[in-house]
Amino acid sequence: MTIRVIIVDDQAMVRAGFAALLSAQSDIDVVGEAPDGRQGIEVSRNVHPDVVLMDVRMPEMDGLAAARELLNPTVGVVHRPKVLMLTTFDVDDYVYEALRAGASGFLLKDAPPADLISAVRVVAAGEALLAPSVTRRLIADFARQRPGGSGAGGRSDAVALRLNGLTPRETEVLELIARGLSNQEIAGRLVLAEQTVKTHIGRVLAKLDLRDRAQAVIFAYESGLVTPGA
């Protein structure tokens, strides 16, 4: 199946370069582009892409606001693409907020071409794209900055209730996801088959009403299940 992609970036050269690279792949089709978030939303609503490559900082409407609208659309809008944020900085408050809104991850603009191609495929397949080292630093940094964002003392009754709905094994898997381990690494740590790990992750996401791995990481930190620096 061909992956339909649109590119939203205020730099024409970036859009052209990414489009040329992705269009050269037999399984990826670039179906549109836009210079700002507002136009990106319009293009997305018209062409229904599988993945939106979204620059974080743009005029008119930045990538964060556009991602929120795409991922949490108004009543009557059915299509919700996967959103992959593009950023110049590996730690960015905008990126964190976009992940909370439901973005599937982020990629540095100067990443190798092969990483961009792989990122589109990973996100299209429903996985989150967060390098383990960046995951730990990004989420821990911002969780630490937010009052009540981490630590059992700041855990609300509603959050505690959601966590209590997990089995001990599911809770263990969620903690390892938040610590940046891949499915293969979790399987090795818990001595489980990788497919079993995927099943546990699916149940965790369903029980906690989370869209993907990125939101699971954030939930684990903000609920206090995982403490920054621990």
Could you go through E42 and R45, starting from their C-alpha distance and side-chain angles, then the distance that decides it, and tell me whether this counts as salt bridge (Lys or Arg N to Asp or Glu O under 4.0 Å)?
CA-CA 5 Å; E42 294 176 3; R45 299 266 164 85; over 6 Å; no
Quick one: do E185 and R189 make a salt bridge, cutoff under 4.0 Å?
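No, no charged N to carboxylate O under 4.0 Å.
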Salt-bridge present (R15, D10; N to O < 4.0 Å):
no
4.5 Å side-chain heavy-atom contact, [X] and [Y]:
| X | Y | answer |
| --- | --- | --- |
| D62 | R57 | no |
| E175 | E172 | no |
| I7 | V52 | no |
| F219 | L163 | yes |
| R213 | I201 | yes |
| V8 | L53 | no |
| V217 | I177 | yes |
| E33 | V43 | no |

Identify the heavy atoms of [X] and [Y] that sit nearest to each other, and give their distance.
| X | Y | answer |
| --- | --- | --- |
| G165 | E170 | O-OE1, 4.4 Å |
| V197 | I186 | CG1-CG2, 3.8 Å |
| A216 | L174 | O-CD1, 3.5 Å |
| M85 | V56 | CE-CG2, 4.0 Å |
| T167 | K207 | CG2-NZ, 4.0 Å |

Keeping the roles fixed (side chain from S23, backbone from A19), state whether a donor-acceptor pair exists under 3.5 Å.
yes
Output yes when a side-chain donor or acceptor of S118 lies under 3.5 Å from a complementary backbone atom of A114, and no otherwise.
no
Taking it one step at a time, do R162 and D209 satisfy salt bridge (Lys or Arg N to Asp or Glu O under 4.0 Å)?
CA-CA 9 Å; R162 291 168 73 188; D209 192 25; 5.8 Å; no
Among V30, D27, L22, the one residue meeting side chain to side chain contact (heavy atoms under 4.5 Å, CB included) with V120:
L22
Considering residues at least two apart in sequence or located in another chain, which fulfil the side-chain hydrogen bond (donor to acceptor under 3.5 Å, both in side chains) criterion with R80?
none
